[in-house]
Amino acid sequence: MAEIAITLLLNALSAALALSLVALGLAIIFGFMGVINLAHGAFLTVGAYVVWMVPAKLGLSFWVGLVLAPIIVGLIGALIERFVIRYLYDRLLDTILATWGISLALVELVKLAFGTTSKSVSNPLRGSVDLGVTVYPTYRLFLIGFCLAILVAVFAFFKSTDIGVRLRAVIQDPDAASLQGLNKTRMYQYSFASGAALAGLGGAAIAPITTVDPTMGVTYLLESFFAVILGGTGALIAVVPGSLIVAGSTNVMTFIISPVLAQTIVFVFVIVAMIIRPQGIVPEAWHE
Amino acid sequence: MVLLELSDVHAGYGGGNVINGVSLTIEEGTVVSLLGRNGVGKTTTLRSIVGVISPDRGTVSFDSLDISGFEPHETYKQGISLVPEDRGIFPDLTVSENLRVPLVDTDDERSIAEIYGYFPKLEELQDSKGRNLSGGEQQMLAIGRALRQNPRLLLLDEPSEGLAPQIIEDVGRAIETIAEEGMTILVVEQNTKFALDISSHAYIMADGQIVMDGSTNELRDDEERLEKYLGVHET
Amino acid sequence: MTTAETASEGTNTAESAEPVLLRTENLTRQFGSLVAVNDVNLSIPRGEFHSIIGPNGAGKTTLFNMLAGTLPESEGRVVFDGDEITGLKDYERVQRGISRAFQTPQLFPGLTVLENLRLAVQAQNQSFNPLKKTDPAHERRAHEVLEQIKFDADPGQATENLSHGNKKKLELLMSLSVDPDLLLLDEPTSGVSHADSESLMEFISKTSRERTVLLIEHNVDLVLEYSDRITVLNRGEVISQGTPSYITDDETVQDAYMGSY
Amino acid sequence: MSNNNRNLAIGPVELSVADGSMQLSIGRLQTDAKKLLLGTSLLVLLAAPAIFTGYFIGLLAVAFLYAIFAISVDLVWGYAGILTFGHAAFFGLGAYLMGVITTELSLPSIGLLGLLIAFLGPALVGLVVAGVLFSRGISEEYFTIITLALAIVASQAALILSDITGGSNGLTGIPLLGIEIPGIMTYRLPYELFYFVALVALVGVYLVGKRIVQSPFGTTLAGINENETKVSSLGYDPVKYKTLVFGLSTGIAGFAGALYAAYSGFISPPLLGFALSTEVLIWVLVGGRGTLIGPVIGATALYLAENMFSGLFLNTWVLGLGLLLVAIVLVFPAGVVGVFSLAEQKLNRYLEET
């Protein structure tokens with residue numbers, strides 16, 4: 001019993017932390033630039049395909065792919081910001097439409113290039129680790145540690161580096177920030193690119209434990225939105241509790257009921273939570 | 001040497017012009033004030049200097065460089081710092097984080113420790129969030145932050161606004177200290193007494209134009225005209 | 001408290017003659033640690049032309065936002081026409097007879113001048129029947145409203161291309177079209193040419209015979225010329241209140257405007 | 001009156017000469033030409049079954065139903081400024097209501113009742129959803145995301161509730177419309193004639209839509225779209241207006257869905273989902289939102305093109321659609337109708353100058 005419970009909890013934790021990465025990217029783009037990025041799911045998909053392609057087509061190691069995925073997706077993000085998003089600031093609903101158009105196009109490009117069938121990314125860390133109470137797959141343990149490390153690094157970056165502090169300043173008041181010599185346009189481009197890169201990294205990291213197909217992004221897109229909204233957009237750290245609830249509860253419920261039903265219940269729950277507490281579940285004291 | 005020169009600047013927001021042909025010059029190393037009642041175009045003048053809005057007509061030149069049409073971050077790089085009327089404090093950043101925001105050139109910056117030297121109160125408050133500061137503390141932080149890049153020209157928009165008399169005195173002393181070190185300052189004020197005390201030359205605006213200017217000593221004696229443009233007595 | 005004393009000295013004119021239309025009790029608004037409006041008590045009799053002046057950042061617009069219901073009161077009460085309206089939404093207050101004109105004209109840029117006015121006129125007879133035809137009486141009323149004032153633009157044109165002066169006029173007319181008892185006007189002449197300012201104030205003064213007017217205005221000369229009574233705000237607090245002649249002689253007002261320490 | 005005044009009218013074009021200056025009136029040309037164009041198209045559409053193949057007419061009939069759906073989206077998005085990413089949930093709900101009712105109760109007239117319920121049901125759901133969300137002050141972008149979730153939840157619910165919906169197999173054997181007056185007459189609509197029903201429904205919904213947007217209610221919606229704060233400061237409660245138009249719109253979407261169910265005879269969960277929800281946005285955007293004719297043109301043209309060309313291009317169709325969406329948002333937010341009206345302005349200016 002304890003064995004099952006621990007396994008279940010670890011599964012939920014790894015899913016939640018992976019979602020946190022993806023949702024953090026979304027929150028950066030939304031919080032910094034007020035852009036609702038519906039291409040986020042497609043960014044994740046591209047990241048997953050990079051990590052599939054690097055071993056399968058180029059014969060290089062998975063780890064090279066894990067490094068390349070955020071770089072490639074980040075570059076795609078920078079280009080999209082430069083040629084599309086830049087012209088749509090202050091047109092919130094139009095960014096929703098444009099990023100959706102980009103998403104359709106990216107997903108179709110993936111289909112054209114690699115077909116619609118699902119790909120499997122071979123597990124780079126086979127085997128399991130005996131944790132005493134339970135035996136748990138090595139890669140999933142790696143995933144937990146990896147996501148935690150990235151999250152800590154990102155938050156430390158915002159807390160401690162000058163660039164991080166400046167980025168937070170741009171979020172809070174872009175006009176006041178430009179009076180401090182900060183180039184809003186460039187900051188926005190970096191933010192969009194790094195938000196995209198996080199989605200790409202998330203997609204690459206989960207690729208070995210999920211099926212990689214062109215439409216895999218949709219669920220993650222919605223789940224990350226819910227994580228962001230549930231946590232609240234006042235603080236980036238809020239994506240962590242948001243993701244824990246969204247991905248964690250879906251994961252635990254799947255043990256008892258069908259995945260589709262579990263997901264539906266969580267979606268409905270989040271919508272109700274949004275109605276009751278639109279500012280998010282995180283208290284204002286967390287805002288940074 | 002003339003550091004800043006506005007010639008015949010027209011600017012406004014969406015159609016209507018707020019200022020119509022403002023011309024003024026500021027000599028390096030002086031403190032100049034720009035006075036006038038609410039809504040005569042003082043803030044708009046400052047905004048068109050730093051590039052928050054770009055002039056529809058006329059030129060702004062800084063150290064002989066035409067900077068009309070520059071973006072705020074570009075005029076900042078030229079060495080112009082504006083402390084806006086609303087102070088522009090980042091509410092969820094701490095005092096020390098607020099001081100880390102400005103882009104500084106390492107050769108020429110003033111360290112955060114130096115800023116604390118001007119405003120010891122800020123050091124005590126360094127871990128408080130911007131939103132929790134009082135008006136006076138916010139004003140000190142805003143001025144301190146603007147000093148970080150050691151600007152060649154400091155623009156202050158109503159530094160005394162909404163502050164209690166005791167605090168106004170503190171802010172005034174700080175401005176005088178900075179001025180004594182040789183910084184060029186343009187201060188926009190409604191509080192005439194305050195402004196005349198800290199500056200050596202003043203311009204007075206009405207209806208989007210400069211209507212008179214002179215040394216502050218001359219102006220102090222011209223009570224009749226001061227009343228006309230600045231006072232609340234019926235004319 | 002000195003402010004209370006100075007406030008009472010100048011108030012002896014209209015107070016007793018007409019019943020009070022708007023009363024605020026200890027009205028306060030805080031933003032974080034900033035107290036934008038602090039403990040403001042107003043008592044505006046029906047039919048008064050009352051102005052609020054004060055330096056930038058004195059809290060005038062914040063006070064208006066609370067009276068109009070676009071900003072919730074942090075503390076205190078608002079009583080209008082005998083009923084407490086504290087906490088009511090903006091549209092509920094309009095329905096009770098408080099209307100406001102914004103400092104920056106808030107128009108419907110894609111709609112024509114007449115459509116803008118018709119929307120204001122129709123607000124009096126709202127219909128949720130999506131198939132109802134436009135009432136020609138409303139069209140006529142919109143035309144009539146426009147004729148009250150010198151308006152030098154084609155009423156059939158979209159408002160986005162209007163001059164600033166015409167936008168300000170339209171903003172004022174729209175706030176009047178909902179037939180309010182109390183009109184809150186936030187700097188109706190800001191950015192308007194000198195000649196137009198005079199005629200606008202003349203017009204406002206005329207309407208104030210039927211309606212109570214509460215005006216924020218930075219042009220002190222105009223305020224002194226037209227107001228029955230004036231309230232002076234500084235740093236969110238009432239520092240003086242009374243007739244124009246009382247205000248001009250009040251030292252504290254001079255200090256607030258010109259500075260002293 | 002001077003003797004120099006002369007009017008010359010050739011058809012709708014009017015040339016007036018007054019005191020030496022000449023004016024070419026083209027105002028009437030515009031409206032007359034537009035009416036002429038609409039009238040001609042309607043005639044062509046009425047005669048279409050005699051001209052085109054049955055396959056094409058079938059496609060056209062479905063295109064008309066999607067055009068109704070597009071009008072419903074345009075009412076909320078184009079006119080009231082509420083972007084919905086989940087309108088297919090209501091189209092699909094109407095389709096499923098129709099499907100379930102007509103397959104459970106096999107009365108000839110049941111389809112008509114089905115149409116009514118397929119309007120009322122989604123309208124009610126729309127009213128509740130919008131009412132709750134708007135009165136809680138949910139921001140516009142959150143509303144959009146919730147509608148997106150709604151579409152996904154709806155299509156998943158259709159999968160889960162397989163007892164009623166047939167799960168992933170969907171519902172089959174939904175009958176076409178019919179009327180029965182017991183003992184007197186029974187009439188079942190022949191398959192070929194459904195085209196006319198769809199056409200009449202489209203024209204009807206279009207006219208109702210026109211009436212709505214021209215009503216005082218519609219003007220208020222336009223006001224909300226442009227400046228909600230101001231509408232509120234004039235004494236209107238925007239929540240009520242937005243809720244009502246959303247309910248109307250979801251009702252119309254459901255009605256279109258019900259006709260679709262009756263015509264195709266088969267419905268399945270994707271009908272409620274995300275793909276159709278976003279496709280309809282592209283139709284509306286391409287045609288021109290905030291005009292009623294734009295979405296009709298956009299839906300019809302793109303649906304026909306998709307069915308005729310997507311076989312040739314396969315995946316590139318959606319790729320093109322995605323890029324088109326980006327391009328329109330960036331370059332031409334007013335859509336095809338906007339291009340026409342721009343061309344019209346240019347033409348007018350040209351005529352005025354010559």
Side-chain angles (χ1 to χ4, degrees), chain C residues 64-65 68-70 88-102 104-112 114-139 142 158-160 170-171 174-180 184 186, chain D residues 27 71-72 75-76 78-81 123 127 131 134-135 137 204-205 207-249 251-252 289-291 333-334 338 341 345:
Chain C
F64 259 34
N65 284 340
T70 46
L88 287 190
K89 297 222 174 72
D90 53 353
Y91 60 88
E92 291 168 321
R93 299 190 191 208
V94 183
Q95 287 160 5
R96 285 170 182 250
I98 301 180
S99 160
R100 70 101 61 100
F102 292 90
T104 312
Q106 298 284 317
L107 306 175
F108 307 110
L111 304 187
T112 68
L114 281 174
E115 282 169 333
N116 269 266
L117 285 170
R118 188 156 58 78
L119 254 176
V121 170
Q122 271 168 202
Q124 296 276 90
N125 294 295
Q126 290 185 38
S127 162
F128 290 98
N129 175 3
L131 299 178
K132 197 183 153 193
K133 283 192 170 161
T134 302
D135 187 345
H138 291 157
E139 297 271 10
T159 57
E160 61 189 331
L170 192 53
E171 174 74 27
M174 284 173 84
S175 65
L176 259 175
S177 301
V178 302
D179 196 20
L184 304 173
D186 193 348
Chain D
I71 287 178
S72 79
L75 278 178
V76 282
Y79 287 93
L127 284 176
F134 289 139
S135 63
V205 169
L207 292 175
V208 168
K210 194 109 198 152
R211 186 76 180 258
I212 292 173
V213 301
Q214 286 172 348
S215 70
F217 176 81
T219 319
T220 312
L221 290 180
I224 290 171
N225 187 12
E226 298 209 331
N227 191 342
E228 191 167 332
T229 318
K230 179 67 169 192
V231 169
S232 192
S233 82
L234 290 174
Y236 297 97
D237 178 3
V239 171
K240 288 199 186 117
Y241 286 85
K242 280 156 65 176
T243 302
L244 192 57
V245 76
F246 198 78
L248 262 174
S249 160
I252 295 172
R289 68 194 180 99
T291 69
S341 63
Q345 280 170 24

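A, B, ... follow the sequence lines: proteins, then strands. Residue 1 opens every chain. Everything numeric in this text was worked out from a predicted model, so none of it was measured.
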With a sphere of 6.0 Å drawn around NZ of C:K89, does it hold more than 12 non-hydrogen atoms of other residues, nucleotides or ligands? no
Quick check against the 3.5 Å criterion: does C:Q95 have a side-chain atom that pairs as donor or acceptor with the backbone of D:G235? yes
Here the pair of heavy atoms bringing D:N225 nearest to D:G78 is ND2-O, 3.5 Å
Does the side chain of C:K133 come within less than 4.5 Å of D:R211's, by heavy atoms? yes
Does a side-chain heavy-atom distance below 4.5 Å link C:R100 with C:T70? yes
Should the pair C:F128 and D:Y241 be assigned to parallel (<30°), tilted (30 to 60°) or perpendicular (>60°) ring geometry? tilted
Heavy-atom contact with chain C under 4.5 Å, split by part of D:V208: both
Contact part of D:I212 toward chain C, heavy-atom cut-off under 4.5 Å: side chain, backbone, both or neither? both
Which region of D:V231, side chain (C-beta onward) or backbone (N, CA, C, O), has a non-hydrogen atom less than 4.5 Å from a non-hydrogen atom of chain C, or is it both or neither? both
With a 4.5 angstrom heavy-atom cut-off, which part of C:N129 approaches chain D: side chain, backbone, both or neither? backbone
Do you know which of D:S232, D:S215, D:P238 has the most heavy-atom pairs with chain C at a distance under 4.5 angstrom? D:S232
Contact part of D:L221 toward chain C, heavy-atom cut-off under 4.5 Å: side chain, backbone, both or neither? neither
Can you say whether C:A120 sits under 4.5 Å from chain D via the side chain, the backbone, both, or neither, judging by heavy atoms? both
Identify which part of C:S127 has an atom lying under 4.5 Å from any heavy atom of chain D, answering side chain, backbone, both or neither. backbone
